[in-house]
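Each chain gets a letter, A, B and so on, in the order the sequences are listed, and its residues count up from 1.
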Amino acid sequence: MDTGAGAMPVPDRLRRRSREATCPGDPPVPEVDEVLVSRVADGDTAALAALYSRYRVGLFRFLERYAGDRMLAEEILQDTLLAVWRSAHAYAGRSSVRTWVFGIARRQAHNRLRARAPEQVPLDRVAGWADPAPGPAERALAAAHREVIAEAFDGLGLEQREVLALAFAARITHREVAEILGVPVGTVKSRLHYARAALARVLADRGYAEELP
Amino acid sequence: MSGKAGRHCPDALAEYAAGVLAGPERTAIEAHLLDCAACRGALGGWTAVAEAMTAPAGTPPEPASVVRAALTQAALAPQPPPARRRRAAFAGELLLAELRLVRPSVWLASVLVMTCAVGLALTAGNGAGATVLSLVAPLVAVAGVAGVYGPERDPAFEALAVTATSPRVVLLARVTLVFAYDLVLAVAASAVVQLGAPRVGLAALVAGWLGPMALLSALSLLLAMWVGPNVSMAVAASLWVLRVLTGGIPQLTGGWLAAAMREVWVTSPGTVAATLALLAAAVVLSRHHLRPGGWPGPLRW
């Protein structure tokens, strides 16, 4: 992980935590993040760059997947950094910096994507597909190429796309996804199941897993 | 989740496929997967999704370039103005909005009465203009201020009762509007009168009505909030009649009442101080009577 904090004096205590945090899995380091946010609030542009560096891979994967377009994702990313820059003073530490940043990104994305969101797959059409056992959904997903799944993903509704993009493209834990979306963890899990079922349904409609009812 | 698979499949299967699990959680799932064909099958679906979601991983923009772009955007689209400018803008918007809510008859009646006064002043001549204006301008302002507020006079009363803007601020905005309007009207009338009869200077003309107009308006506002617009109008009209009578009827001009009215009916430090005191009392009263979301009970509007 590029902490990007090299240019700034970070207290020894935090520096130590920062080194510990560079093991696989890249868990966020709250203290370093909070120092960065408070510096951003003071108008430190290097701190903004450092903060972005810490989350850029997950953030951009999420936005690119959610928006379905690199150019649009870059615009939303820019909106997100602008919003972080302007609202850093209002960060109250109620959530982790990571979920705060992703929450901002999600809202900025939502602002831009709302207008062109495709219709969601009705729940009654996917209700029978949410079973996690190896069944129709698994067969349809396994049979499809990754590109085809990605294409089917672009046809899903915003709610399903955002939960899949956060959990899989940005690789965020379900607990944090719940925090970002402001819903219970159970809701995240059920949305993921329905989203996966909706994907499988789209794939089945396109001829994958033809043996299905 | 259903049937046999429900018991086996940990909820964390999707997280495992996404690669966010570490340590004991990850180990536990891997051990479980060795024994459970159902979960292995379910994992296949999640893994397919996970791979598809991360497949064309584009390189994220460089920090330097994206931060520069965001800051440029910040400079081009200025931040919402700081609190003070926002307050000024809000005051402007509020005044404009209230302008539409004050009944047209308030504006129209003021113009009509003032036009009559100007006509009277011009035809009377001999310096009568100052007296006419000093009597009419306060009356016009008082009528406007007293009648500008309250359910029966307000076309948007219910709407205002649920807005976030406090009724006090609304009242203040309306009184300001009406008083400013009557002030401009009276100055214009004075200018016309001065043109027609240049013997009295404009400043003297204005001084003749400005003090009583402000004093009576403040009194009228206080009474309107305290006991209601009708009583307020009645008191103001009584004072006005007293002034006319003590000034116009020879038998009354020498009494103490006439002397008192002459003291009150001028622009002097005393009347200015009294005006400010009445306004302060009205503001204090409004704190008790006009709370956001709650309308004054004691006034029985």
Side-chain angles (χ1 to χ4, degrees), chain A residues 2 4 23-25 27 45-46 48-50 52-53 56-57 59-61 64-65 70 73-74 77-82 84-86 130-135 137-142 144-150 152-153 164-165 167-169 171-174 185 189 192-193 195-196 199-200, chain B residues 1-23 25-26 36-80:
Chain A
D2 174 15
C23 55
T45 57
L48 182 65
Y52 166 64
S53 294
R56 65 176 177 153
V57 172
L59 203 54
F60 194 66
R61 270 193 189 157
E64 199 178 21
R65 179 53 62 199
R70 186 181 168 95
E74 286 186 9
L77 182 66
Q78 199 174 309
D79 291 348
T80 303
L81 287 190
L82 176 63
V84 166
W85 175 249
R86 283 180 172 173
D131 194 308
E138 272 62 44
R139 288 202 295 275
L141 288 165
H145 290 293
R146 302 304 174 241
E147 295 78 28
V148 179
I149 297 179
F153 169 88
L164 283 173
F168 289 104
R171 292 186 171 173
I172 289 178
T173 64
H174 293 180
V185 178
K189 292 186 188 301
L192 277 171
H193 277 106
R196 192 186 65 155
L199 268 183
Chain B
M1 218 173 278
S2 66
K4 194 180 158 212
R7 290 202 310 277
H8 288 286
C9 290
D11 272 349
L13 215 48
E15 286 181 300
Y16 177 75
V20 298
L21 292 187
E25 278 183 304
R26 188 185 173 92
C36 180
C39 281
R40 282 199 300 275
L43 181 64
W46 285 122
T47 306
V49 173
E51 285 172 2
M53 292 297 99
T54 49
T59 326
E62 285 304 309
S65 68
V66 73
V67 164
R68 192 168 50 241
L71 294 179
T72 308
Q73 197 182 340
L76 292 179
Q79 201 159 11

**OP:** Please state whether the side chain, the backbone, both or neither of A:A167 comes within less than 4.5 Å of a heavy atom of chain B.
**Re:** backbone

Original post:
Looking at A:T80, A:T173, A:V57, A:V148, which one has more heavy-atom pairs under 4.5 Å with chain B than the rest?
Top reply: A:T173

**OP:** Give the minimum heavy-atom separation between A:L82 and B:A74, together with the two atoms involved.
**Re:** CD1-CB, 3.2 Å

Original post:
In terms of heavy-atom pairs under 4.5 Å with chain B, which of A:L192, A:L59, A:L199 leads?
Top reply: A:L192

**OP:** Name the member of B:A70, B:A50, B:P61, B:A69 that forms the most heavy-atom pairs with chain A at distances under 4.5 Å.
**Re:** B:P61

Subject >> Partners meeting side chain to side chain donor-acceptor pair (under 3.5 Å) with A:R70 (sequence neighbours left out) >> reply: A:E74

**OP:** Give every residue pair that meets the salt bridge (charged side-chain N to carboxylate O under 4.0 Å, His left out) criterion with at least one member in residues 60-69 of chain B, sequence neighbours excluded.
**Re:** A:R56-B:E62

Original post:
Is there a side-chain contact between B:T59 and A:F60, using heavy atoms and a 4.5 Å cut-off?
Top reply: no

